[in-house]
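Encoded as structure tokens, the structure appears first; notes follow it.
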Amino acid sequence: MKKQLTTMLLVLVLALVPSLGMAITEKEWNQECEDKTVGTVTIYSIEKNSEATTTDLPSIVPIGTLSGGTYVKIGSYDYDLKMWHITYFSNGTQASAWVKRGDTTSATKWVYFTDGCCMLLPEALVNDRSALQKYLDRLWPNLTIYGDGSKPVSIDGTVPSGGSTTSGNKKPSGEKKSAKAPKKINTAIITAEEKTVTLSRFVVLTSSIIRDGVTEEIATRELSFGGDVPAEQAIAVIHAPQSGKCTLRERASDEAKAIQKSKAGTVVSVLEYGRKYCKINDNGTVGYVQTSCLKFYGGEVESLGVGTLTYKGKATGKTTINVRGDAKKGSARITEWKTGTEVIVFDLRDGWYEIEHDGVHGYVMDDFLTMKE
């Protein structure tokens, strides 16, 4: 009996070892969080009254407070109660609660690199230079942080105006101003190899990647982009048939600050999927757009072949064809291409071809396209 008890205890200890090894520390947790509390905030639980009708709101019960600057991970948003569901770190473990809208703020910082790239990362990670360097070495071993990472560097490697290390107000001789904003990093992971690569062209069917300094083509379905997103929703196209653009925001809220206007027809990777909002990467800029503004193309995607834009059957290159955001005459024009342009054709529906070229996904009338045999 004693021998059996010892064996059972040994099995229990061995079963616990993996879970103990995977436990996350508060420091590690903080370095993953992109949001934090604003001042001391009250946290709540939401309790549904079993006697309530479907139209009644649940009870909101205060359960404690979180101090200002507590790092949190934002979850779902209740549009009726105007509250966020958050996860935070407490007493060595993760806990969850609800907070009111406006009780959290962004906890990220831009980090700049010597090649002109920049990346938005959790501030707790950025503030720990050793942890930041390990993170970068693991995912982007060729990146070198510019100075302390807080000041931008121009594309050609010169120090921008105001960034000189010389004394006085006079700029050093020969210093150049940056002609454009630093480019953003747009990466993917080759699923089979678990290798991080840079995207140079991202489209629905076949994308271009830079692997070990060499540009090559790869089926887009062979790439993953981080996050727990089903393959069917990992790739999407900005769909805004009326305005031709949609708002990319800092957070998944109608009240969140706008980052930019994302153009209809742009192919994006989906990092998080939500009923109301999705987190996306639009050519290196990460933010949230309404899910209704996305048309998903994940999983197995096939084309009908290659077509050529034509006018009255001719491809002279002297006529331009309107490309629209939807298969309707009144939808927004997202670009125009000259006749003779070759495009990938995905579908023919109600007299409209769904096409893709040069990273743009859109629609043209069937009168203006000739399929290649």
Quiz prompt | Stepwise side chain to side chain contact (heavy atoms under 4.5 Å, CB included) check, Val364 with Ile355 | solution = CA-CA 7 Å; Val364 295; Ile355 63 172; 3.7 Å; yes
Self-check item: Closest approach of Thr316 to Thr339 (non-hydrogen atoms, all atoms of both residues)
Solution: N-OG1, 3.4 Å
Practice problem: Verify the distance criterion only: is there a donor paired with an acceptor across the side chains of Asp137 and Gln133 at less than 3.5 Å? | Solution: yes
Quiz prompt | SG on Cys293 to CD1 on Ile238, rounded to 0.5 Å | solution = 7.0 Å
Quiz item: What class does the angle between the rings of Tyr363 and His361 fall in, given that below 30° is parallel, 30 to 60° is tilted and above 60° is perpendicular?
Solution: perpendicular
Quiz prompt | Approximate separation, where rounding is to 0.5 Å, of Phe346 CZ and Leu205 CG | solution = 5.0 Å
Quiz item: Given the rule in the side chain to side chain contact (heavy atoms under 4.5 Å, CB included) test, do Leu132 and Ile145 qualify, once you have shown the distances and angles that lead to the verdict?
Solution: CA-CA 10 Å; Leu132 174 62; Ile145 299 174; 3.8 Å; yes
Quiz item: Considering residues at least two apart in sequence or located in another chain, which fulfil the salt bridge (charged side-chain N to carboxylate O under 4.0 Å, His left out) criterion with Arg211?
Solution: Glu193, Glu216
Quiz prompt | Ser96-Thr87 side chain donor-acceptor pair, cut-off 3.5 Å | solution = no
Quiz item: Hey, is the main chain of Glu342 close enough, under 3.5 Å, to the side chain of His357 for a donor-acceptor pair?
Solution: yes
Quiz item: So, for Gly362 and Val323, which heavy atoms are closest and what is the spacing to 0.1 Å?
Solution: CA-CG1, 3.9 Å
Practice problem: Following the transitive rule for hydrophobic clusters with a side-chain heavy-atom cut-off under 4.5 Å over Ile, Leu, Val, Met, Phe, Trp and Tyr, establish whether Ile209 and Phe225 coincide in one cluster. | Solution: yes
Quiz prompt | Within 6.0 angstrom of Tyr311 OH, more than 12 heavy atoms from elsewhere | solution = no
Practice problem: Test Lys276 against Asp254 for side chain to side chain contact (heavy atoms under 4.5 Å, CB included), laying out the working first. | Solution: CA-CA 10 Å; Lys276 175 76 174 181; Asp254 296 343; 4.0 Å; yes
Self-check item: Exercise: do Arg201 and Thr215 side chains pair donor with acceptor under 3.5 Å
Solution: no
Quiz prompt | Distance-only side-chain donor-acceptor flag, Ser269 / Asn281, under 3.5 Å | solution = no
Quiz prompt | Sidechain-backbone polar pair: Ser67 side chain, Thr40 backbone, donor-acceptor under 3.5 Å | solution = no
Quiz prompt | Centroid-centroid under 6.0 Å between Tyr353 and Phe368 rings | solution = no
Exercise. Count the heavy atoms of every other residue, nucleotide or ligand shown that sit under 6.0 Å from NZ of Lys295, and state whether that count exceeds 12.
Key: yes
Practice problem: Report yes or no: do Ile189 and Val268 belong to one cluster of Ile/Leu/Val/Met/Phe/Trp/Tyr joined by side chain heavy-atom distances under 4.5 Å? | Solution: no
Self-check item: Partners passing salt bridge (charged side-chain N to carboxylate O under 4.0 Å, His left out) against Asp326 (at least two apart in sequence or in another chain)
Solution: none
Self-check item: Sole candidate of Lys261, Gln290, Gln260 that passes side chain to side chain donor-acceptor pair (under 3.5 Å) when paired with Thr247
Solution: Lys261
Quiz item: Is the shortest heavy-atom distance from the side chain of Phe89 to the side chain of Ile24 under 4.5 Å?
Solution: yes
Practice problem: Run the salt-bridge test on Glu34 and Lys73 with the 4.0 Å N-O cut-off and return the result as yes or no. | Solution: no
Self-check item: Which atom of Ile86 lies closest to which atom of Tyr88, heavy atoms considered
Solution: CD1-CD2, 4.2 Å
Quiz prompt | Ion pair Asp128/Lys27, N-O distance below 4.0 Å | solution = yes
Quiz item: If you draw the axis of the six-membered ring of Trp352, does the NZ or CZ of Lys329 fall within 45° of it and under 6.0 Å from the ring centre?
Solution: no
Exercise. Indicate the atoms forming the closest heavy-atom contact of Tyr44 with Lys100, along with that distance.
Key: OH-CE, 3.3 Å
Exercise. Check whether Val203 and Leu271 end up in the same hydrophobic cluster, where Ile, Leu, Val, Met, Phe, Trp and Tyr are linked by side-chain heavy atoms less than 4.5 Å apart.
Key: no
Self-check item: Side chains of Val197 and Ile218 in contact at under 4.5 Å (non-hydrogen atoms)
Solution: no
Practice problem: Spell out, as yes or no, whether a donor-acceptor pair under 3.5 Å connects the side chain of Glu28 to the backbone of Thr25. | Solution: yes
Self-check item: Inter-residue atom distance Thr320.OG1 - Asn322.CG, 0.5 Å rounding
Solution: 6.5 Å
Quiz item: Within a strict 4.5 Å, meaning less than it, do heavy atoms of the Val343 and Leu369 side chains meet?
Solution: yes
Exercise. With the side chain counted from C-beta on, respond yes when Leu223 and Thr191 share a heavy-atom pair under 4.5 Å apart, and no when they do not.
Key: no
Exercise. Decide, yes or no, whether a salt bridge links Asp212 with Lys195 under the criterion of side-chain N to carboxylate O below 4.0 Å.
Key: yes
Quiz item: Of the non-hydrogen atoms in Ile334 and Arg324, which two are nearest, and what is the gap between them?
Solution: CD1-O, 3.9 Å
Exercise. Using the test salt bridge (charged side-chain N to carboxylate O under 4.0 Å, His left out), find all partners of Asp358 that sit at least two apart in sequence or belong to another chain.
Key: none
Self-check item: Validation row: Val306, Val345 side chains within 4.5 angstrom (heavy atoms)
Solution: no
Exercise. Take Thr319 and Lys338, measure what side chain to side chain donor-acceptor pair (under 3.5 Å) needs, and give me the verdict at the end.
Key: CA-CA 6 Å; Thr319 306; Lys338 290 184 177 182; over 6 Å; no
Practice problem: Give the cluster check for Ile210 versus Ile190: same hydrophobic cluster or not, with ILVMFWY residues linked at side-chain heavy-atom distances below 4.5 Å. | Solution: no
Quiz prompt | Side-chain heavy-atom pair Thr220, Ser207 within 4.5 angstrom cut-off | solution = yes
Quiz item: So how far is it from Trp98 CH2 to His85 NE2, rounded to the nearest 0.5 Å?
Solution: 5.5 Å
Quiz prompt | No-hydrogen, no-angle side-chain donor-acceptor test under 3.5 Å, Ser106 and Thr108 | solution = yes
Quiz item: Is Val72 close to Thr37 at the side-chain level, that is, under 4.5 Å between some pair of heavy atoms?
Solution: yes
Quiz item: Any side-chain heavy atom of Arg101 within less than 4.5 Å of one from Trp84?
Solution: yes
Quiz prompt | CG-OG distance between Asp282 and Ser262, expressed to the nearest 0.5 angstrom | solution = 4.0 Å
Practice problem: Please indicate whether Lys279 has more than 12 foreign heavy atoms, meaning atoms of other residues, nucleotides or ligands, lying under 6.0 Å from its NZ. | Solution: yes
Quiz item: Side chains of Thr42 and Thr65: do they bring a donor and an acceptor to under 3.5 Å?
Solution: no
Quiz item: Between Val270 and Cys278, what is the shortest heavy-atom contact and its length?
Solution: CG1-CB, 4.3 Å
Quiz item: Measuring from Tyr277:OH to Arg251:CZ, what's the distance to the nearest 0.5 Å?
Solution: 11.5 Å
Exercise. Start with the C-alpha distance between Thr308 and Thr341, add both sets of side-chain angles, then the distance that settles side chain to side chain contact (heavy atoms under 4.5 Å, CB included), and finish with yes or no.
Key: CA-CA 6 Å; Thr308 303; Thr341 301; over 6 Å; no
Quiz prompt | Heavy-atom donor-acceptor pair, Gln242 side chain to Ser331 backbone, under 3.5 Å | solution = no
Quiz item: Is it true that Lys36 and Glu123 make a salt bridge, defined as a side-chain N closer than 4.0 Å to a carboxylate O?
Solution: yes
